[in-house]
Every structure is written in C-alpha cells, then in structure tokens.
Amino acid sequence: MTTTETQPASFRSPEEVMVGSVVFDRDADMVAVVREVKGLMVDLERPTGLIWGVAYARLRPGTKREERQLRALAQLQRARKRGMP
C-alpha cells in the first residue's frame with residue numbers, strides 16, 4: 001500500500017522562507033536547502049555543491065519524501081568524496 005503526499009503550496013512571502021529549510025524549486029525541478037534569503041531572491045544549495053538563486057515565489061516547502069531524498073543524496077556525495085565510485 002502506498003500513501004500519497006500532497007505537495008505544499010508556494011510561499012506567500014519571502015519571510016516564510018527559512019535558512020536551512022528544505023524547499024523544492026519548480027523551475028529547476030530540484031529539491032535543495034535554503035542558503036540565504038536576499039529580498040525576493042533565495043540562494044539554494046544541493047549536497048553536490050551546486051548553488052543557484054531563484055525567486056521565492058517559484059519555491060514550495062519540501063515534502064518529507066523530498067527531505068529523505070536530499071539526505072540520501074548528501075550521503076552518496078560523502079561516500080563519493082571518500083573514494084566510492
């Protein structure tokens with residue numbers, strides 16, 4: 001049996017976006033961690049080191065599943081840095 005997780009709505013203001021939180025970028029179609037909020041723009045980062053900026057309105061809070069995916073990606077990235085192919 002599978003459960004369906006509804007996707008949260010977009011943020012209504014940049015004040016709702018918290019540094020360190022997991023968000024989903026609708027433009028890049030990727031989940032990331034909020035690095036910095038600068039006015040209407042938000043800097044995001046992935047465990048791979050990829051950093052980019054996006055307008056807060058294009059973001060939504062990450063789901064629990066997306067948080068787990070991001071943790072798994074971070075774990076894989078750490079393993080690769082240790083020498084695992």
Over all heavy atoms of both residues, which pair between [X] and [Y] is shortest? Give the atoms and the distance, please.
| X | Y | result |
| --- | --- | --- |
| Tyr56 | Phe11 | CE1-O, 3.7 Å |
| Val54 | Asp27 | CG2-OD2, 4.1 Å |
| Leu40 | Pro14 | CD2-CG, 4.0 Å |
| Ala74 | Pro47 | CA-CB, 3.5 Å |

Query - Nearest-0.5 Å distance, CD of residue Gln69 to OG1 of residue Thr63 - result: 7.0 Å
Please examine the side chains of [Y] and [X], heavy atoms only from C-beta on, and report whether any two atoms are closer than 4.5 Å.
| X | Y | value |
| --- | --- | --- |
| Leu50 | Glu45 | no |
| Met18 | Val34 | no |
| Trp52 | Met30 | yes |
| Ser21 | Val23 | yes |

**Report entry** Ion pair Arg60/Glu66, N-O distance below 4.0 Å
**Finding:**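 Answer for the salt bridge query: yes.
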Query - Salt bridge Asp43-Lys38, side-chain N to carboxylate O under 4.0 Å - result: yes
Requested in this report: Take Val31 and Val22, measure what side chain to side chain contact (heavy atoms under 4.5 Å, CB included) needs, and give me the verdict at the end.
Outcome: CA-CA 7 Å; Val31 64; Val22 175; 3.4 Å; yes
**Report entry** Test side chain to side chain contact (heavy atoms under 4.5 Å, CB included) applied to Gln75 - qualifying residues, sequence neighbours left out
**Finding:**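 Counting only residues at least two positions away or on another chain, Gln75 forms a side chain to side chain contact (heavy atoms under 4.5 Å, CB included) with Arg78.
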Query raised in the report: Is it true that a side-chain atom of Gln77 and a backbone atom of Leu73 form a donor plus acceptor pair closer than 3.5 Å?
Result: no
Report task. Taking atom types as modelled, find out whether Arg26 and Ser10 have a side-chain donor-acceptor pair closer than 3.5 angstrom. Result -> yes
**Report entry** CA sep, side-chain torsions, deciding dist, call: Glu36, Val42, side chain to side chain contact (heavy atoms under 4.5 Å, CB included)
**Finding:** CA-CA 6 Å; Glu36 185 177 6; Val42 179; over 6 Å; no
